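Quick caveat: nothing in here was measured; it's all calculated off a predicted structure. Excluded from the calculations below are hydrogen atoms, water molecules and symmetry mates; all remaining heavy atoms, backbone and side chain alike, are included. Order of the sequence lines fixes the chain letters, A, B, ..., with proteins taken first and strands second; residue numbering starts at 1 for each chain.
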Protein chains: 2
Amino acid sequence: MTRLLVVEDDAALGRALAIILRAHRYDVAVSTTGTDALQKAAAWHPEVVILDLGLPDIDGMEVLAGIRGWSQIPVLVLSARQNSEDKVYALDAGADDYVAKPFAMDELLARLRVVTRRRETTPEDPVVQTAAFTVDLPRRKVTRDGAEVRLTPTEWRLLEILARHAGKVVGRTELLRELRGPNLAHETHYLRVYLAQLRAKLEPDPAAPRHLITEPGVGYRLEP
Amino acid sequence: MTRLLVVEDDAALGRALAIILRAHRYDVAVSTTGTDALQKAAAWHPEVVILDLGLPDIDGMEVLAGIRGWSQIPVLVLSARQNSEDKVYALDAGADDYVAKPFAMDELLARLRVVTRRRETTPEDPVVQTAAFTVDLPRRKVTRDGAEVRLTPTEWRLLEILARHAGKVVGRTELLRELRGPNLAHETHYLRVYLAQLRAKLEPDPAAPRHLITEPGVGYRLEP
DNA sequence: CGCATTCCTGACGGAACCCTGACGCGAACG
DNA sequence: CGTTCGCGTCAGGGTTCCGTCAGGAATGCG
């Protein structure tokens, strides 16, 4: 769930927003003051901030500046001011969007999706580690004792599948389907050859594998 | 200068926009039809698109979909429709912002700065360095041993994409989509030729590349 | 209109890789 | 005790993939 910080001094509106946003599967926290907002932003690390500029203690623009001082998280500004001057000021100060009140809820939700969509396209980096080697899936790299290991495309795809199911057994037919398509899902010999190649490149003692383990009669398993 | 494509069927408004935007140091091209917009987007590779939804030939939403089919460049939608329904539809279809007509020019410029700002900050470091050469993305320059290296436009675009994903592998199809559009995403030979040209200009020993590395069967990678 | 640069395609050599076959070994089983 | 089955190892032919060179087409510039 996406963590979302709502900064809104109007308690009724804040509660309403929180309810609707939670219904749309956001993990919502609400601040009613600027100081609390800055504190929550630093401590809770929300992934998006909805910021109403009208706050009781400090100016909303200062809250924005305070956040931008150390973070690039998306900030969507909400304000009663409609003149373009204020919009320009907020947008140039680092806001990712500006919605004037009164606003349509579905539009706010859509604009929220826009700013969060950008983060999602940057996939997280799942890295699988074992005692002997490290598999970096997004970078498509395998390192052993700090040095990069060169793998052929097929070797990599095989290791990738095992790494995605790290710790679990992957059936032979499933592996072969991914590697060679559904028609040749019974050529188990093919797997043995490539498993041997992977072990030769990655295992300290290829004859006694500790991480690329075969489950007799079933398939193979990558043990972290 | 930031390349900016304005898609606007109203010739007078299009010209006015172009003049103002050029005064703000954008490199502007104008399309008055949807087909021309799609063609220009693929051929000219603008960095931002301003898209009016009301077009004479094809629906503006289809233009948006056409661009989103192969590129993630920011698209700022301009429309006379004010109801939130249309806004939600466009935003969810991949638009980065939605400005309703009539609009204040300074607000449009501010929102333009927002979407371009994001592009500039996406790479962690806008300057990618290797042991042999330096790629300065904002200045569009490559230096090697202190001297600037002259690159052709295509060579630069290729290097730019690799630099944006520095350290990570970029798939062949992704590279070709960015370079030549979605239809020719299988001409891998084209990539080999240009990679060779880049290596000849940048690598100390082009026969044994250390930074412009090929990942067999997958794509290429720029190693810092 | 002529020149220069750049873009793109084709042909070719070489290297890397994929896949298959043959064989050895140990365990399970009758 | 012999057979069978599954697994691992080694090696080699065929093929794919990559890099290089070259040249015509297209484009931009003076």
Mind listing the side-chain donor-acceptor pairs of residues 144-152 of chain A below 3.5 Å, one per line with the distance, residues two or more places apart or on another chain?
from	atom 1	to	atom 2	distance (Å)
A:Arg144	NH1	A:Lys201	O	2.9
A:Thr152	OG1	A:Glu155	N	3.3

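- Following rounding to the nearest Å, A:Leu151 (CG) and C:dC17 (P) show an atom-to-atom distance of 10 Å.
- Residues from residues 215-224 of chain A placing a heavy atom under 4.0 Å of any atom in DNA chain D, listed by number, are A:Pro216, A:Gly217, A:Tyr220.
- A donor-acceptor pair under 3.5 Å is formed between the side chain of A:Thr116 and the backbone N or O of A:Leu112.
- Listed by chain and residue number, nothing satisfies the side chain to side chain contact (heavy atoms under 4.5 Å, CB included) test with B:Ala16 (two or more places apart in sequence, or in another chain).
- For the OP1/OP2 pair of D:dC18 and a distance below 4.0 Å, the side-chain nitrogens and oxygens of B:Arg172 include at least one atom meeting the criterion.
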*Base, backbone or nothing for each nucleotide of nucleotides 7-13 of chain C, written B, S, -, heavy atoms under 4.0 angstrom, 5' to 3'?*
BSBBB--

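- Within the 4.0 Å cut-off from OP1 or OP2 of C:dT6, not a single side-chain nitrogen or oxygen of B:Arg157 is found.
- For residues 177-208 of chain B, every residue pair satisfying the ring-ring contact (aromatic ring centres under 6.0 Å, His included) rule, not counting sequence neighbours, is listed here: B:Tyr190-B:Tyr194.
- Sorted by first and then second residue, the pairs that involve residues 71-95 of chain B and meet salt bridge (charged side-chain N to carboxylate O under 4.0 Å, His left out), not counting sequence neighbours, are A:Glu107-B:Lys87, A:Arg113-B:Asp92, B:Arg81-B:Asp86.
- Contacts classified as side chain to side chain donor-acceptor pair (under 3.5 Å) and involving residues 20-30 of chain B (residues at least two apart or in different chains) are not found.
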Extract all donor-acceptor atom pairs below 3.5 Å that involve side chains of residues 161-170 of chain A and protein atoms in other chains or at least two apart in sequence.
from	atom 1	to	atom 2	distance (Å)
A:Arg164	NH1	A:Glu160	OE2	3.2
A:Arg164	NH2	A:Glu160	OE2	3.4
A:His165	ND1	A:Ile161	O	2.9

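- Heavy atoms of A:Thr214 sit under 4.0 angstrom from primed sugar atoms or phosphate atoms, though from no base atom.
- To the nearest angstrom, C1' of D:dC10 lies 14 Å from CZ of A:Arg192.
- If you measure from atom CH2 of B:Trp156 to atom C1' of C:dT6, you get 18 Å, rounded to the nearest angstrom.
- The interatomic distance linking A:Leu198 (CG) with D:dG8 (P) rounds to 12 Å, in whole Å.
- For B:Tyr89, there are no ring pair (Phe, Tyr, Trp, His ring centres under 6.0 Å) partners, not counting sequence neighbours.
- In this view, B:Ala93 and B:Met61, B:Leu64 satisfy the side chain to side chain contact (heavy atoms under 4.5 Å, CB included) rule, not counting sequence neighbours.
- The main-chain N or O of A:His45 is found under 3.5 Å from a side-chain atom of A:Arg3 such that the two form a donor-acceptor pair.
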Tabulate protein N/O versus nucleotide N/O from nucleotides 27-30 of chain D, keeping only pairs under 3.5 Å, one per line.
none

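- What separates CD1 of A:Ile213 from P of D:dG8 is a distance of 12 Å, to the nearest Å.
- Atom-to-atom, CG of A:Leu212 to P of D:dC7 comes out at 16 Å; the value is rounded to the nearest Å.
- Listed by first then second residue, pairs satisfying salt bridge (charged side-chain N to carboxylate O under 4.0 Å, His left out) with a partner in residues 53-77 of chain B read B:Arg68-B:Asp96, not counting sequence neighbours.
- Look at CG on A:Leu195: it is 13 Å from C1' on D:dT9, rounded to the nearest Å.
- Atom pair B:Lys201:NZ and D:dG19:P shows a separation of 18 Å (rounding to whole Å applied).
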